[in-house]
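Bear in mind that the values here come from a model prediction, so they are computed numbers and not experimental data. By convention here, the first residue in the shown sequence is residue 1.
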Amino acid sequence: MNVPDVNKIINKETEILLLINFVKNDVCDLPICVQNILNGKYEDVINNKLFLNLIQDCSNYDEIIHKNIEKTDLYDFWLCIGIASLLYFIQCNWTGPQVEKNIEWQNIKNKNIFKDLSLYDECNVNVKMLDLLYLSKIIFSNEILQNIYKSCIWWLFRANFLNQLILNESSGMIFDETEQLIDKINNLQLLQENIHCETLFYIEAAQFYFYYRRIHNSEKYIKLAQEKAKLSLDLEGALGKRTKYQKEKAQLFLRINLEKKQFSFRCCENLPKSLDLNDEIRLEHIEYSENIANTQIGAVEETIILAKYIQLQLSQPKDKLTDEEIIPYLTVVINNTRNWSLKMASLYNRCSLESGDKRTVERSMMQMEYLIHELNKTKVSVANRMDLFFASGLKPIWVLEQMYAQLMLSLGLVKGALDVFLKLKLWEEVIACYNIINLKHKAIEIIHQELSKKPSVQLWCLLGDATQDPNHYETAWKLSNEKSSAVQRHWGLFYFKKQNYKEAISHLKLSVELNNIQEHVWIRLGFAALEIEDWKLAATAYKHYCALEQTTFEAWNNLAKAYIKLGDKTKAWKSLQDAIKCNYDQWQVWDNLMIVSIDLRHFSEVIRCYHRILDLKNHHLDVQILDILTNAVLNNVNDSNGICAQKLLPKVLELFGRITSSISNNSDVWRMYGQLTILKKTDIDNEKAIQYLQQAHRIAISDSKWHLEKESVEKILQLCCILAEIYLQYASNCELKKKKTLLASAKLSLQGVVKKVKNQEWNIDKICICLNTVEKYLNTIIIKLEQIKLKNI
């Protein structure tokens, strides 16, 4: 579409000001609608009489708005309406202070709003003024405006992400649409010409990917933001203490280097406060023995640091060590930021981090209560609250209240938590609270009560969960016009819990077909498929799960199992490699990887796996793996990369040395160790090889009943052949005295075995052939000993 020939009041510079939400100097020279937006007077922009006249007789916002944009040249007006609507929606649902009265045109109800924004699942019931988001999305999606104002696509990206944040379910449709918008924004000239905007967009894109737990994508955008800001972040250690009575130890801190002037930002007064811990042992802050110099950074740089904290938290295992490594990032933002949204977001993240520690959970609850009260205070202007909102990752008001209730619940304040859950209409949590206080019947009563007021898909599903009656899922399914992924999920999990996996699969499959961004559904679908041995479906399900959640080693392990059953060991091997990245300390995964590696001739990987298993277990013996590895080296087999296996001889011998140091009573291990050692072809190693083989022989015949079992007879006869061959080989290059000793030892070992086997009168071909071979070796040894005697005479 060609760009219309129009006289724009809003130029490129003004578009940038609107995107970053502030100006350094006076705003008086800007259009009045832009001034109102930058001053946080969104209601004045939206309650425009012209706009009210345009939509007052409208039954379909979408149709009337697009028509009016096309037939009028009020493009600046429409852009400002869209931006003001979106920011006013944010004020109502994220930043506060709360708005008591409705917009003048809000009495016009539009049947398409709920359907278009909920995408057949349900919006959070606590969302206010949904019309504003709907209106802004329609305006920003207009192609004429997108061609006139290049920032329009960026605003649509923001609106789309907010749309996701108000839904009860992750939406694959929104994810795909928004990814396409990200690609378009990346190519905008606006970004290439303004490094501030470019950095800001990279942080916002990272926030989008955080929501969907796309670790690699978010990491990519944080790295780009750091590069543009010329910001380097390094964890370093310094002596200090974190408790009152602790001796000084190395403590982590964040070293920040900024190689350019910081981005412009606006300081905010009356910021939310960080509450004191008031712990009798733990200090409020780490006390370092030396002063650590602080690099002065701005609010944009702080958003990068906060985003880096979230990315590290999502990408690493949840444990105390991870917390120690990531908290310095959070501490920097909490202690230094002068931005309202960043202060709120960083304190929320600290509450979340501290919620699992008995020493900090109480501070976490009080801090969350304080943050909720801060939202309704009017000391901080609306405009200040909106600074860097989209880059901060600030949560909606109802999420803060939900966490407050969960913290109360964790401290045993069940009734207080129940009141908040009831207010937020979080019925699953309400049911859990009633179960805790032994009022299960009350949970069902309250669901029936709410259903009588207004039937909803979620309530029918919860009634099905509470009563264990699948007919209620059928009702919910019909109510959703057979479009809700949530209904099918509840339905499938109902059968899954009963271990009726075949029935569960049909519902879980339909749920992910309707919405493919459901990690917990994919993993259960994979497990159910494994249970009924549908390997193809299991592989598909676990593959999708691992694409969404890349840090669960069990899922990678199960994906590998499915691939093995399907005969695709190459994919199984790659999946197991990903599994050990997720959990380096699970010996079973290393064992699985070792087994697949030996099948695929990744011999160096087999050695690595075996060493790691020994690190984790101390003792581990897998004779079959060692036998295949030994034969590969003895026969100089090429590995998967075409490299001769004998090049690994030093590493294989090192592995056997480690195994025999802890397992000294296994004949097979000593036999293989001896066979490999002889390959080094030095006198010392030849001697060692004979010692190892003698040890193998002694252990093998130590069982007095060995000659009665077919398997043990075969094994010992084969060992005698190897022993005799190496004795003869080594003796051929020895001086006469040593040669005589070696051959006498060999004769003694072989004679005892031959005698016992003959006495048993075995009539099995394999044993007879082996016995015949050993006798030949024995005769050769006897002849050589006779020759030595003749020489001595």
Salt bridge check: are [X] and [Y] linked by an N-O gap of less than 4.0 Å?
X      : Y      : result
Asp323 : Lys320 : no
Lys377 : Glu374 : yes
Arg242 : Glu324 : yes

Side chains of [X] and [Y], heavy atoms from C-beta outward: is any pair under 4.5 Å?
X      : Y      : result
Leu235 : Leu254 : yes
Gln164 : Tyr212 : yes
Tyr348 : Val399 : yes
Leu548 : Arg214 : yes
Val512 : Tyr545 : no
Ile203 : Val300 : yes
Trp94  : Leu165 : yes
Leu19  : Arg158 : yes

Using every non-hydrogen atom in the two residues, find where [X] and [Y] come nearest and quote the distance to one decimal.
X      : Y      : result
Gly40  : Val382 : O-CG1, 3.9 Å
Ile46  : Ala84  : CD1-O, 3.7 Å
Ser218 : Phe210 : CB-CE2, 3.4 Å
Ala383 : Leu38  : CB-O, 3.3 Å
Lys228 : Phe263 : O-CZ, 4.3 Å
Leu306 : Val333 : N-CG2, 4.0 Å

Whether [X] side chain and [Y] backbone form a donor-acceptor pair below 3.5 Å:
X      : Y      : value
Glu549 : Glu519 : no
Arg385 : Thr95  : yes
Asn257 : Ser232 : no
Glu354 : Met365 : no
Asn163 : Ala159 : no
Gln146 : Ile153 : no
Tyr370 : Lys273 : yes
Asn583 : Ala579 : no
Gln367 : Leu275 : yes
Gln98  : Asn376 : no

Once rounded to the nearest 0.5 Å, what's the spacing between atom [atom1] of [X] and atom [atom2] of [Y]?
X      : Y      : atom1 : atom2 : value
Leu271 : Lys379 : CG    : NZ    : 12.0 Å
Asp76  : Ile10  : CG    : CD1   : 4.5 Å
His285 : Leu277 : NE2   : CG    : 9.5 Å
Asn36  : Glu43  : CG    : CD    : 11.0 Å
Ser289 : Ile292 : OG    : CD1   : 8.0 Å
Gln296 : Ile256 : CD    : CD1   : 10.0 Å

For [X] and [Y], test the side chains for any donor-to-acceptor distance below 3.5 angstrom and give the result as yes or no.
X      : Y      : answer
Asn186 : Tyr221 : yes
Arg350 : Ser274 : yes
Gln311 : Lys308 : yes
Tyr211 : Gln207 : no

Discussion item. Parallel, tilted or perpendicular, judged at 30° and 60°: which one describes the rings of Phe157 and Phe201?
Written reply: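 The arrangement is perpendicular - the two ring planes meet at more than 60°.
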Item to complete: Could you please spell out the steps behind the side chain to side chain contact (heavy atoms under 4.5 Å, CB included) verdict for Met344 and Leu371?
Response: CA-CA 7 Å; Met344 288 287 290; Leu371 293 180; 3.7 Å; yes
Discussion item. Side chain to side chain contact (heavy atoms under 4.5 Å, CB included) for Tyr209 and Glu179? Distances and angles first, verdict last.
Written reply: CA-CA 9 Å; Tyr209 284 115; Glu179 270 213 315; 2.7 Å; yes
Discussion item. With side-chain hydrogen bond (donor to acceptor under 3.5 Å, both in side chains) as the rule and sequence neighbours excluded, what pairs involving residues 325-341 come up?
Written reply: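 Applying side-chain hydrogen bond (donor to acceptor under 3.5 Å, both in side chains) to every pair that reaches into residues 325-341, excluding sequence neighbours, yields Glu302-Thr337.
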Worksheet item: Checking side chain to side chain contact (heavy atoms under 4.5 Å, CB included) for the pair Phe161/Ile174: CA distance, chi angles, key distance, verdict?
Response: CA-CA 8 Å; Phe161 186 29; Ile174 289 181; over 6 Å; no
Practice prompt. Evaluate the criterion side chain to side chain donor-acceptor pair (under 3.5 Å) for residue pair Asn11 and Thr14; output intermediate values, then yes/no.
Written response: CA-CA 5 Å; Asn11 56 24; Thr14 309; 2.8 Å; yes
Fill in: Selection residues 78-96 - residue pairs positive for salt bridge (Lys or Arg N to Asp or Glu O under 4.0 Å), sequence neighbours left out
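Matches after skipping sequence neighbours: none remain.
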Item to complete: Apply side chain to side chain contact (heavy atoms under 4.5 Å, CB included) to Gln577 and Ile580, showing your working.
Response: CA-CA 6 Å; Gln577 290 282 357; Ile580 61 171; 3.9 Å; yes
